[in-house]
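Below is one structure; the comments refer to it alone.
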There are 2 protein chains.
Amino acid sequence: MASDTGADGTVGKALDVLDMVAARGRPVRFSDLQVGSSYPKATLYRLLQTLTHQGMLAYDEDRGTYTLGLRLVRLAHAAWSTSSLAPLARPYLDELAAETGETIHLAQLDQGQVLYVDKRNATKPVEMFSSAGKVGPAYCTGVGKAMLAYLDDGALEAAIARQSFHQFTPETLDTPEKLKAELIAIRDRGYAFDREEHEPGIICCAVPILTRTGRAIGAVSVTSTTARTDLAALEAQAGRIKDSAARIAAVAEDWRFPEQG
Amino acid sequence: MASDTGADGTVGKALDVLDMVAARGRPVRFSDLQVGSSYPKATLYRLLQTLTHQGMLAYDEDRGTYTLGLRLVRLAHAAWSTSSLAPLARPYLDELAAETGETIHLAQLDQGQVLYVDKRNATKPVEMFSSAGKVGPAYCTGVGKAMLAYLDDGALEAAIARQSFHQFTPETLDTPEKLKAELIAIRDRGYAFDREEHEPGIICCAVPILTRTGRAIGAVSVTSTTARTDLAALEAQAGRIKDSAARIAAVAEDWRFPEQG
DNA sequence: AGACTAAGTTTCACATAATGGAACCACAGG
DNA sequence: CCTGTGGTTCCATTATGTGAAACTTAGTCT
């Protein structure tokens with residue numbers, strides 16, 4: 001999947017290459033990339049050189065492999081702290097985690113996928129980057145559905161087109177139709193469930209974070225297991241979660257005027 | 001500043017723009033960027049469009065501002081988990097933190113700057129992205145000097161050229177000469193100190209993480225305050241830190257063969 | 001209102017920068 | 001010594017990006 005069919009210009013291609021490297025998740029050789037890439041040898045080679053020269057990739061001389069560069073980590077730090085809800089939402093997540101004692105996720109929608117930007121774990125201490133930055137499917141997670149439910153028609157269709165509808169479990173909503181029906185229900189009640197749709201035994205209740213104009217800018221969820229609780233019990237928390245979501249929405253609304261300069 | 005004088009090609013410029021946005025650390029309007037950018041209006045505009053279209057930037061319709069995009073966060077997660085020492089070093093850092101009870105930093109060198117990739121805080125729980133991804137000066141931090149001390153001549157000169165030598169405190173080594181002398185001493189003894197060179201009252205002892213060939217791929221440090229301890233006490237820990245660094249080096253050495261495929 | 005100004009967007013002739021087929025190099029096996 | 005595979009460089013061709021200037025809005029001042 002050379003993915004981004006609409007790769008505009010040279011930078012589009014370069015970023016596409018970055019994604020390719022990222023997708024492997026381990027050091028890759030030139031030839032690893034060449035197969036499956038639509039770019040001709042020389043072009044791919046030059047793109048890699050440029051990216052490496054720019055610090056977006058790192059080249060291991062000895063092994064002849066490329067990995068993602070540290071410049072990305074630096075940029076992402078800035079991205080995370082200025083563009084994500086995480087820094088704002090932190091105190092509210094802490095609170096919610098303390099009160100519920102369950103796992104909390106904060107997610108945003110990125111190109112039709114769920115991007116987790118923060119997390120509180122019931123038991124273990126927080127796990128740095130290893131959780132923030134993770135992506136997941138939108139059509140079969142609580143946070144994902146909560147956000148999809150508030151997209152306008154155009155954006156929704158675009159997002160749906162990007163879903164794989166892979167059937168992770170027997171409960172997974174595996175067609176656009178089922179999903180759309182579910183989204184209406186979610187809009188109605190104001191929060192979403194994950195009924196073991198992504199992983200067996202894992203359930204959650206998720207609430208969208210809405211702007212005044214009704215756009216979903218993120219979602220918060222409380223996750224648990226069927227062993228420990230059930231949907232009804234989680235639903236009882238919905239009000240509490242909504243409350244947190246509303247408060248996050250409120251600070252997010254103000255925050256866009258960091259300085260009026 | 002327009003920094004990257006050697007901005008090769010279009011992607012170089014695009015990435016340069018990304019950095020510019022990142023540098024402000026808050027939503028920026030078009031005109032904010034235009035001043036201080038050497039690119040002509042139309043060019044800058046097109047670059048911004050492309051980056052936005054690619055999800056590297058996000059554009060806020062209402063305010064007319066750009067911020068870094070979430071795609072970066074996604075990429076960085078991959079970068080952090082495949083290219084940084086953090087995932088490998090984690091258990092050793094935990095151990096070191098537990099034993100010393102002080103603040104632990106894990107850093108790598110990126111374009112002449114110190115990039116913190118992980119951290120253990122004495123008291124508070126870990127702070128996600130907010131610490132990882134941060135950058136700091138190399139010439140006046142323990143981890144920075146520890147790594148500089150093991151650069152070869154060419155790389156060292158290049159790195160020194162990138163230092164600001166801003167005098168943060170009376171103790172800051174504010175010339176290349178003083179720094180070079182210090183680096184020799186560090187190489188001799190195998191670890192570096194920060195003698196309140198960056199922040200008054202903050203001291204640390206840092207050890208480079210060395211490959212078999214003697215290249216520094218990162219550094220670990222134990223940080224404390226003059227109120228709580230002193231350099232002599234920190235130096236007593238040096239052996240312990242060296243031990244951690246050596247063990248991290250060992251796993252890092254193997255790790256580059258994730259699968260021989 | 002009407003006349004200015006500043007911020008953002010589009011155009012278009014032009015030149016630079018990316019393209020990719022093919023040739024080249026280096027090295028490992030047979 | 002030949003042959004194949006992985007990686008790097010050339011270079012004529014052309015697509016792409018360039019940027020001065022013109023154009024739209026959306027405010028602001030008088």
Side-chain angles (χ1 to χ4, degrees), chain A residues 2-21 24 26-67 69 256-261, chain B residues 2-21 24 26-67 69 256-261:
Chain A
S3 60
D4 289 40
T5 36
D8 45 1
T10 316
V11 298
K13 289 174 200 169
L15 295 176
D16 190 29
V17 170
L18 259 195
D19 273 346
M20 284 167 43
V21 176
R24 312 286 163 143
R26 61 188 171 85
V28 280
R29 270 214 271 336
F30 177 85
S31 50
D32 290 334
L33 290 172
Q34 205 193 328
V35 304
S37 134
S38 46
Y39 306 115
K41 231 180 173 187
T43 301
L44 180 61
Y45 183 71
R46 230 169 331 93
L47 288 173
L48 286 171
Q49 290 238 118
T50 307
L51 288 169
T52 303
H53 184 64
Q54 290 292 328
M56 301 295 279
L57 291 178
Y59 182 65
D60 183 331
E61 296 259 341
D62 315 330
R63 327 261 165 215
T65 58
Y66 296 89
T67 50
R256 292 149 110 200
F257 312 87
E259 285 179 37
Q260 61 276 59
Chain B
S3 60
D4 288 39
T5 35
D8 45 1
T10 315
V11 298
K13 290 175 199 166
L15 296 176
D16 190 29
V17 170
L18 258 195
D19 272 346
M20 284 167 43
V21 176
R24 312 288 164 142
R26 61 191 173 84
V28 279
R29 5 175 120 271
F30 179 84
S31 51
D32 289 335
L33 291 172
Q34 204 193 328
V35 304
S37 136
S38 46
Y39 305 115
K41 229 180 175 187
T43 302
L44 181 61
Y45 183 71
R46 232 169 331 93
L47 288 173
L48 286 171
Q49 291 236 117
T50 308
L51 288 169
T52 303
H53 184 63
Q54 290 293 325
M56 301 295 279
L57 290 178
Y59 183 64
D60 183 331
E61 297 259 342
D62 315 331
R63 328 259 165 216
T65 57
Y66 296 89
T67 51
R256 289 150 111 199
F257 314 86
E259 284 178 36
Q260 60 277 62

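Side chains included, hydrogens not; waters and symmetry mates left out as well; all remaining heavy atoms used. These numbers come from a predicted model, not from an experiment. Just so we're on the same page: letters track the sequence lines, and every chain starts at 1.
For S31(B), a side-chain nitrogen or oxygen approaches OP1 or OP2 of dG8(C) to under 4.0 Å. Contact annotation: R29(B) does not reach the phosphate of dA7(C) (side-chain N/O to OP1 or OP2, under 4.0 Å).
Atom-to-atom, OH of Y45(B) to P of dT11(C) comes out at 11 Å; the value is rounded to the nearest Å. If you measure from atom CD of Q49(B) to atom C1' of dT16(D), you get 16 Å, rounded to the nearest angstrom. If you take CG of D16(B) and P of dG17(D), they are 17 Å apart, rounded to a whole angstrom. When the C1' atom of dG8(C) is taken as reference, atom CD of E61(B) falls 13 Å away, rounded to whole Å. The distance from atom CZ of F30(B) to atom P of dT25(D) is 17 Å, rounded to the nearest whole Å. Distance D60(B) CG to dG8(C) C1': 15 Å, rounded to the nearest Å. The CG-C1' distance, from L48(A) to dG6(D), rounds to 14 Å in whole Å. For the pair L44(B) CG and dT10(C) C1', the interatomic distance rounds to 15 Å; values are reported in whole Å.
Residues satisfying the side-chain hydrogen bond (donor to acceptor under 3.5 Å, both in side chains) criterion with Q34(A), sequence neighbours excluded, are absent altogether. With sequence neighbours excluded, the residues that form a side-chain contact (heavy atoms from CB on, under 4.5 Å) with T65(A) are P27(A), R29(A), D60(A), R63(A). Partners of Y59(B) according to the side-chain hydrogen bond (donor to acceptor under 3.5 Å, both in side chains) rule, which considers only residues two or more places apart in sequence or in another chain, do not exist here.
Atoms OG1 and NZ, on T43(A) and K41(A) in that order, are 12.0 Å from each other to the nearest 0.5 Å. Taken from CZ in R24(B) to OG1 in T67(B), the straight-line distance is 14.0 Å, to the nearest 0.5 Å. Separating the CG atom in L47(B) from the OG1 atom in T52(B) is a distance of 10.5 Å, to the nearest 0.5 Å. Taken from CG in L48(A) to CE in M56(A), the straight-line distance is 13.0 Å, to the nearest 0.5 Å. Y39(A) contributes atom OH, which lies 3.5 Å from atom CG of D16(A) (distance to the nearest 0.5 angstrom).
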For nucleotides 16-22 of chain C, just jot down a letter per nucleotide in 5' to 3' order: B, S or -, based on protein non-hydrogen atoms under 4.0 Å. -SSBBB-
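Considering only heavy atoms from C-beta on, L51(B) comes within 4.5 Å of L18(B) through its side chain.
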Could you write out DNA chain C as dot-bracket? Rules: Watson-Crick or G-U wobble, both distances under 3.5 Å, brackets [ ] for crossings, | for pairs with another strand, dot for unpaired. ||||||||||||||||||||||||||||||
